[in-house]
Amino acid sequence: MVAKAIKVVLIAVSLAVFVGCKSAQKFPVNENGVIMATQNSIPKSAVRLMGEIIDLKEQSETKKFYLFRVTEVVAKGGTFGTVLPSKGEVVVLAVSDLTKFKNGDKLMVDAVTPLMKEGDLLSISML
């Protein structure tokens, strides 16, 4: 009887751990080694940027904030009208806590930007 109860507890704990674990978000990588963190088509109010992860600046329970150097503005959505990052500019890229990048990762990302730049670094959010 005790063995059966222990077995049930172990199964319940294992299931809770399995269900509670979040899996990292995966993105395809192109032939040049660039992580393609983009949507199929660029959202109307977004900008598509190419760049490189410099460092993880900050992390909360729901978000990660990376320092991201813009190497190219690839495209703008049809109704894009907010702050456009410049080539070479370092911005703060906000992503889901399920998204993980390493320093030096090159990526293409669709992001939204604020109406105005506040502070030293522009903060953008990955879509």
Side-chain angles (χ1 to χ4, degrees):
M1 184 72 172
V2 173
K4 187 174 183 179
I6 291 174
K7 186 176 180 180
V8 169
V9 169
L10 285 175
I11 291 172
V13 169
S14 297
L15 184 60
V17 168
F18 177 75
V19 170
C21 290
K22 299 178 189 176
S23 59
Q25 191 171 1
K26 303 282 187 192
F27 298 104
V29 177
N30 74 9
E31 64 278 355
N32 297 321
V34 176
I35 299 168
M36 304 300 290
T38 58
Q39 300 183 13
N40 290 336
S41 62
I42 187 166
K44 290 181 186 179
S45 61
V47 62
R48 184 165 287 172
L49 303 169
M50 179 82 78
E52 181 177 351
I53 296 293
I54 298 171
D55 200 7
L56 177 63
K57 181 179 190 291
E58 192 177 328
Q59 185 171 352
S60 72
E61 282 188 28
T62 59
K63 296 258 185 214
K64 291 180 184 171
F65 301 90
Y66 288 97
L67 293 177
F68 177 75
R69 177 174 289 113
V70 177
T71 56
E72 180 183 353
V73 176
V74 178
K76 295 184 285 188
T79 61
F80 179 81
T82 55
V83 179
L84 183 65
S86 312
K87 181 178 178 180
E89 182 175 1
V90 174
V91 300
V92 177
L93 176 65
V95 302
S96 157
D97 67 323
L98 298 178
T99 304
K100 184 174 182 179
F101 298 120
K102 297 180 305 226
N103 294 354
D105 278 351
K106 293 180 181 356
L107 63 126
M108 188 176 299
V109 62
D110 291 340
V112 291
T113 64
L115 292 173
M116 295 172 41
K117 182 177 178 180
E118 296 179 14
D120 293 338
L121 296 175
L122 178 64
S123 293
I124 65 175
S125 296
M126 185 174 94
L127 296 176

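For reference, positions follow the sequence shown, starting with 1. Source: prediction; values computed, not measured.
Ile42 approaches Ala75 most closely through the heavy-atom pair CD1-O, 3.6 Å. Shown here for Ser123 and Pro114, the closest heavy-atom pair between the two residues is O-CD, 3.1 Å. The minimum heavy-atom distance between Glu52 and Gly104, with the atom names listed, is OE2-CA, 3.5 Å. When every heavy atom of Phe101 is checked against every heavy atom of Tyr66, the shortest pair comes out as N-OH, 3.0 Å. Here the shortest heavy-atom pairing between Val73 and Pro85 reads CG2-O, 3.3 Å. Nearest heavy-atom pair, Ile124 versus Leu49, reported as atom, atom and distance to 0.1 Å: CD1-CD1, 3.7 Å.
Evaluated for a side-chain contact (heavy atoms from CB on, under 4.5 Å) with Leu56, the options Lys102, Lys64, Lys100 yield exactly one hit, Lys64.
Linking Ile, Leu, Val, Met, Phe, Trp and Tyr residues whenever their side-chain heavy atoms come within less than 4.5 Å places Val95 and Ile35 in a single cluster. Hydrophobic clustering of Ile, Leu, Val, Met, Phe, Trp and Tyr side chains at less than 4.5 Å, counting indirect connections, unites Leu121 with Ile54. Under the 4.5 Å side-chain heavy-atom criterion for Ile, Leu, Val, Met, Phe, Trp and Tyr, Met126 and Phe68 are members of the same hydrophobic cluster. Under the 4.5 Å side-chain contact rule for hydrophobic residues, Ile53 and Val109 share a cluster. Connection of Leu93 to Val29 is established within a shared hydrophobic cluster, with ILVMFWY side chains joined at heavy-atom distances below 4.5 Å, either directly or through further cluster members.
Judged purely by atom type and a 3.5 angstrom limit, Ser86 has no side-chain atom pairing as donor or acceptor with the backbone of Glu89. The backbone N or O of Val34 lies less than 3.5 Å from no partner atom in the side chain of Asn32, so there is not a single donor-acceptor pair. Judged by distance alone, the side chain of Thr71 and the main-chain N or O of Met50 form a donor-acceptor pair under 3.5 Å. Lys117 places no side-chain N or O within 3.5 Å of a backbone atom of Val83 that could act as its donor or acceptor partner.
Atom CG of Asn30 is surrounded by more than 12 heavy atoms from other residues, nucleotides or ligands within 6.0 Å.
Distance check: Thr62 OG1 to Asp97 CG gives 6.5 Å after rounding to the nearest 0.5 Å.
Val112 places a side-chain heavy atom less than 4.5 Å from the side chain of Leu127.
Here Asp110 pairs with Arg48 in a salt bridge; the nearest charged N to carboxylate O distance falls below 4.0 Å.
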